[in-house]
Number of protein chains: 2
Amino acid sequence: MMISTRGRYALRVMVDLAEMATTGYVPMRAVAERQGLSLKYLEQILPVLVKNGYVTGMHGKKGGYRLAKDPAEYRVGDILRLTEGELTPVGCTECGKGSCERAESCRTLPMWNEFHRMVNDYFDGITLADLMQ
Amino acid sequence: MMISTRGRYALRVMVDLAEMATTGYVPMRAVAERQGLSLKYLEQILPVLVKNGYVTGMHGKKGGYRLAKDPAEYRVGDILRLTEGELTPVGCTECGKGSCERAESCRTLPMWNEFHRMVNDYFDGITLADLMQ
DNA sequence: TTTTTTTCCTATCTCTTTAGTAGGTTTATA
DNA sequence: TATAAACCTACTAAAGAGATAGGAAAAAAA
């Protein structure tokens, strides 16, 4: 299983925030309840999104979260890469470095590289706006 | 990481067997050495391929393995599904059953389903023959 | 100024998977 | 009968998945 709950939940949260955009700051407690997810688990995922400027977090009473940009500005690929770590479906294509010394002669590597590209392209072609409504 | 060493090694072994086709039965010891893989680990993977008629195993001296069919007859997808278990990149699309009760209203599920289909189609479109030479 | 409500931070835990190692049994050839 | 191979089964160490838990900091309301 390549995409874990971290990335999937992050995505569901962000779509939820997108759909509740008019309501100002949305407390995560409400999102967790609507989505049937563990609040404590989500609290662990969200600071990453805040730090990278994807959502804005507001402390205290009347606080919560809201999207920092227009839903159409978010690529699903970016959100997944942020929450899951690099989207690397195969060990061979570990980001950047050619980790395998057999790379030159390997019969299967080109296939993995193409797959890696395909996966990232797929998710980069979808925005939060596409997932809404 | 979605595709583990089991499936990747199985594939490399089968391509190796395909390229050594003229040599009769090829002992796994030789394949392991050429590919730089643990013999003991491969010995654990190969019986599955034999049981499903992908390769033929021959006991004893002068024994070894060889492909049961023409390289063009093997789809990479089939080999991976056999050695890895179902190719399910996302928990939501667990084979057959709609495991999630939120399926109806889920904003992200269609994307995961489409992704699941894409992954399987990709690997089903490649044969062992495509990987050779 | 105190209470409440929220984000945020960090530690811990259980279960499963991954990637092997290890040792022995069976089978066929020389 | 010796040898070389497939085959079978158990074990293990490390990592990752999917949380739970407890509390600190901050901001608004009372």
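A note on names: the letters A, B, ... follow the listed sequences, proteins ahead of strands, and every chain is numbered from 1. Values in this document were obtained by computation on a predicted structure and should not be read as measured data.
- In this entry the distance linking OH of Tyr25(B) with P of dC7(D) reads 10 Å, nearest Å.
- Contact annotation: Thr5(B) side-chain N/O to dA19(C) OP1/OP2 distance is under 4.0 Å.
- Here the two rings, on Phe115(A) and Tyr122(B), have centers that are under 6.0 Å apart.
- Inter-residue side-chain proximity for Arg8(B) and Ile3(B) is flagged as met; some heavy-atom pair is nearer than 4.5 Å.
- When rounded to the nearest whole Å, the span between CE of Met2(A) and P of dT18(C) equals 14 Å.
- Geometrically, Lys69(B) engages Tyr74(B) in a cation-pi contact defined by less than 6.0 Å to the ring centre and at most 45° from the axis.
- Residue Val48(B) forms a side-chain contact (heavy atoms from CB on, under 4.5 Å) with just one option from Leu46(B), Ile45(B), Asn52(B), and that option is Asn52(B).
- If you check residues 55-68 of chain B against DNA chain D, the residues with a heavy atom closer than 4.0 Å are Met58(B), His59(B), Gly60(B), Lys61(B), Gly64(B), Tyr65(B), listed by number.
- When rounded to the nearest whole Å, the span between CD1 of Ile3(A) and C1' of dG18(D) equals 16 Å.
- Of the residues in residues 26-54 of chain B, those placing a heavy atom less than 4.0 Å from an atom of DNA chain C are Ser38(B), Lys40(B), Tyr41(B), Gln44(B), in numerical order.
- Using a 4.5 Å heavy-atom cutoff, the side chains of Arg34(B) and Asp16(B) are in contact.
- Residues Arg81(A) and Asp124(A) are paired through a salt bridge, judged by an N-O separation under 4.0 Å between the basic side chain and the carboxylate.
- Salt bridge annotation for Asp121(A)-Arg117(A): present, with a cationic side-chain nitrogen under 4.0 angstrom from a carboxylate oxygen.
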